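Below is one structure; the comments refer to it alone.
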Amino acid sequence: MSFKIIEQAQARLNRSELAVPGSSPRFFERAAKSDADVIFLDLEDAVAPDDKPKARKNIIKALNEIDWGDKTMSVRINGLDTHYMYRDVVDVVEQAGERLDLIMIPKVGTAADVYAIDMLVTQIEDAKGYKKRIGFEHIIETALGMQNVHEIASASNRNESLHFGVADYAASTRARTTNIGGVNSDYAVLTDPDESGSRDIHWGDMWHYAIARMVVAARANGLRPIDGPFGDFSDPEGYKASGRRAAALGIEGKWAIHPSQIELASEIFSPTKEETTKAKRIIAAMKQAEREGKGAVALDGRLIDIASVRQAEVMVTKAKLISGRNRTRGRDSK
Ligand code: GLV
Ligand code: MG
């Protein structure tokens, strides 16, 4: 283990993150009653330029007046290359900063982008005398952001999560895609011919490098890596496959661009009962080994050591957060 200790961002459930356009207040109440872990009210791409001032007002009113329960609330501001951004931050944080947990910064490209927003938010928080500090979620969705993802991840102690914004990332890298977050049949290889001369096509995951790179930057800085949108909301199987392959790489949650995707994300990113039970057994077995002065033990015929315990602890912590949330919503906890 390195001498450097990685500080972990505040622990929050972030299995699903529901996107709600700030210009559509008719969706707000329904979002507040949904099972989403995090909601981001959008001022950026879902809002047309002429609607930005009204959307800001809607969001401020909604943050102050709607009962969002125990949800983590975020606002996606406009990019630093637009003149909307400063007013998004100033108006929303000044007028609704107490119910705001996170600010989502789109198209972040450099550590200096993070520094600039940090400075602005710090001044507003100080001037208003807020006790709580607002965290940052960054969308990595440009070639520049992906190049600088490591510096971005460590640019502020407000940072909580990195999100892979596949739609803008495809535009920025000029990747050829068909639908948002989906696959492209051109990203494939042909197997060698078998005896009968027939060949198979093996599709690949064209987003593998980007997601894996972002996961490393997030985890090396104690942040949550989150996968972004899957555009075809009439394809739950496609969404689940996309979420599962991201989870396999260490991703902790996924955007829901439609309410129907919330439940899918919760299912994919919650540990199962079996996984939680196993994790608890690993922790117990390791405690027993420690008492006996052993560094590693076998459980169910497999070696477990300190690294297995750390993984198990992460899982048990998440299971506790989930069961706490289920209790406050009057549901049986898994
Ligand atoms: C999200 O903002 C994306 O561009 O995918
Ligand atoms: Mg985007």
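What you are looking at is a predicted structure, and each value in this text was computed from that prediction instead of being measured. Atoms within a ligand are numbered from 1 in the order they appear, just like the ligands themselves. All residue numbers in this chain count up from 1 along the given sequence.
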field: Pro229, any N or O under 3.5 Å of ligand 1 N or O
entry: no
Filtering Met104, His163, Glu141 for the heavy atom nearest atom 3 (C) of ligand 1 leaves Glu141
* Asked: Any N or O on Asp168 sitting closer than 3.5 Å to an N or O of ligand 1?
  -> yes
- Do Trp255 and ligand 1 have an N or O pair less than 3.5 Å apart? no
| message | Below 2.8 Å, can you find an N, O or S atom of Glu141 next to the Mg ion (ligand 2)? | response | yes
* To do: Hey, can you tell me if Tyr169 and Trp207 have their rings parallel, tilted or perpendicular (30° and 60° cut-offs)?
  => perpendicular
Next item on the list: For atom CZ of Arg30, decide whether the heavy atoms of other residues, nucleotides or ligands shown that lie under 6.0 angstrom number more than 12.
Entry: no
CD1 of Ile283 to CG of Leu299, rounded to nearest 0.5 Å, is 11.5 Å
Is it the case that the side chains of Ser308 and Asp305 hold a donor-acceptor pair, with the cut-off being a distance below 3.5 Å and no angle test? yes
Distance col, row Ser172:OG vs Leu144:CG, nearest 0.5 angstrom, shows 8.0 Å
Atom 5 (O) of ligand 1 has as its nearest protein heavy atom Ala167 N, 2.8 Å
dist Ile103:CD1 -> Leu100:CG (nearest 0.5 Å) comes out at 5.5 Å
Note: Arg76, heavy atoms under 4.0 Å from ligand 1, region reported as side chain
Distance check below 2.8 Å: does Asp168 bring an N, O or S atom to the Mg ion (ligand 2)? yes
